[in-house]
Amino acid sequence: MKITIMTLFPEMCNSVLDESIIGRARKSGIIEIDTVNIRDFTHDKHNRVDDAPYGGGMGMLMQTQPIYDCFASLCSEDGKKPHLIYMSAQGKTLTQKRVKELSQLPNIAILCGHYEGVDERIIEEIVDEEISVGDYVLTGGELPALILSDSIARMIDGVLPNDEAKELESHYSGLLEYPQYTRPPEWHGRKVPDILLSGHHGNIDKWRREKSLERTLERRPDMLKSAELTKKDREYLAKLKENK
């Protein structure tokens, strides 16, 4: 899979992408994540990529020409149009379900806006979808693009140490993850639950599932509407609600 981040700050993105699990996956060739500098495609002799918005107002807008030429270069290089995502506070909120879907695509480009955003005509002309990472505003699209890239990359086979790791995490199955513990067995008077020290994997799995259900009911009950629940899960949730 290939992901290309279109940005004015490639160094900022690469400083994150070169580290940890994603960095190792890039170096080993498991996934290709590149950055391209939109400023390299401007026709302005001063390397400007922005201008004042028509109609007045605060801030500056990124212009159509550098962005379009940057994307056209990607299309020419790959021989086909990548699925282009614009990171925008006006987009649909990113979910694990959408991450899974995007991880099945062979080629994705992510456009990072800056200043007051991009000329609307770029969105109309080449953007396939707008995605938001939450109901708040940032100074640019680089951090959201890194979040999206990381969430997609870890769905690719071989990026994580084992596939089970991602399947047990919060949101993957529609539930929040169960609480986890490591050594020492007691810290500041707080003990690791005895069941986790028992060595009985069947009981441990049951405990983890129940804690996952409890935590989701307590913190994100909205997620239970679309979660993949078994008959036993529903019975356990019913008991929890009765005891509230």
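Position 1 is the first residue of the sequence, and the numbers go up from there. Atom set for the values below is all heavy atoms of this structure, side chains included, hydrogens, waters and symmetry mates excluded.
Other cluster members for V192: Y181, I195, L196, L197, I204, W207, joined by side-chain heavy-atom distances under 4.5 Å among Ile, Leu, Val, Met, Phe, Trp and Tyr.
Each ring-ring contact (aromatic ring centres under 6.0 Å, His included) pair with one or both residues in residues 23-60, not counting sequence neighbours, would appear here, but there are none. Sorted by first and then second residue, the salt bridge (Lys or Arg N to Asp or Glu O under 4.0 Å) pairs with a member in residues 114-123 read D119-R121; sequence neighbours excluded. Pairs engaging residues 131-147 under the side chain to side chain donor-acceptor pair (under 3.5 Å) rule: T7-E142 [sequence neighbours left out]. Sorted by first and then second residue, the salt bridge (Lys or Arg N to Asp or Glu O under 4.0 Å) pairs involving residues 180-203 (not counting sequence neighbours) form an empty list. Listed by first and then second residue, the ring-ring contact (aromatic ring centres under 6.0 Å, His included) pairs involving residues 85-134 are F9-H114 (not counting sequence neighbours).
The side-chain hydrogen bond (donor to acceptor under 3.5 Å, both in side chains) test applied to S103 returns no partner, not counting sequence neighbours. Partners of R219 according to the side-chain contact (heavy atoms from CB on, under 4.5 Å) rule, which considers only residues two or more places apart in sequence or in another chain, are L176, R215. Applying the side-chain hydrogen bond (donor to acceptor under 3.5 Å, both in side chains) rule to S88 yields the partners E130; only residues at least two apart in sequence or on another chain are considered.
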Using residues 72-84 as the side-chain source, report each donor-acceptor pair under 3.5 Å to any protein atom, sequence neighbours left out, with the distance given to one decimal.
residue: E77; atom: OE2; partner: K2; partner atom: NZ; Å: 3.2
residue: D78; atom: OD1; partner: K2; partner atom: NZ; Å: 2.9
residue: D78; atom: OD2; partner: N107; partner atom: ND2; Å: 3.0
residue: K81; atom: NZ; partner: I126; partner atom: O; Å: 3.3
residue: K81; atom: NZ; partner: D128; partner atom: OD1; Å: 3.3
residue: K81; atom: NZ; partner: D128; partner atom: OD2; Å: 2.7
residue: H83; atom: NE2; partner: E129; partner atom: OE2; Å: 2.7

Just distance, no hydrogens or angles: give the donor-acceptor pairs under 3.5 Å from side chains in residues 236-244, sequence neighbours left out.
residue: Y236; atom: OH; partner: E214; partner atom: OE2; Å: 2.4
residue: N243; atom: ND2; partner: K239; partner atom: O; Å: 3.1

Quick one: side chains of residues 19-28, donor-acceptor pairs under 3.5 Å with protein atoms, not counting sequence neighbours, listed by atom name and distance.
residue: R26; atom: NE; partner: I33; partner atom: O; Å: 3.0
residue: R26; atom: NH1; partner: D18; partner atom: OD1; Å: 2.9
residue: R26; atom: NH2; partner: I33; partner atom: O; Å: 2.6
residue: S28; atom: OG; partner: R24; partner atom: O; Å: 3.1
residue: S28; atom: OG; partner: A25; partner atom: O; Å: 3.1

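Between the side chain of S212 and the main chain of R208, no donor-acceptor pair closer than 3.5 Å is present. In this structure a side-chain-to-backbone donor-acceptor pair under 3.5 Å is present from R48 to D50.
Remark: I5 CD1 to S149 OG distance equals 3.5 Å, nearest 0.5 Å.
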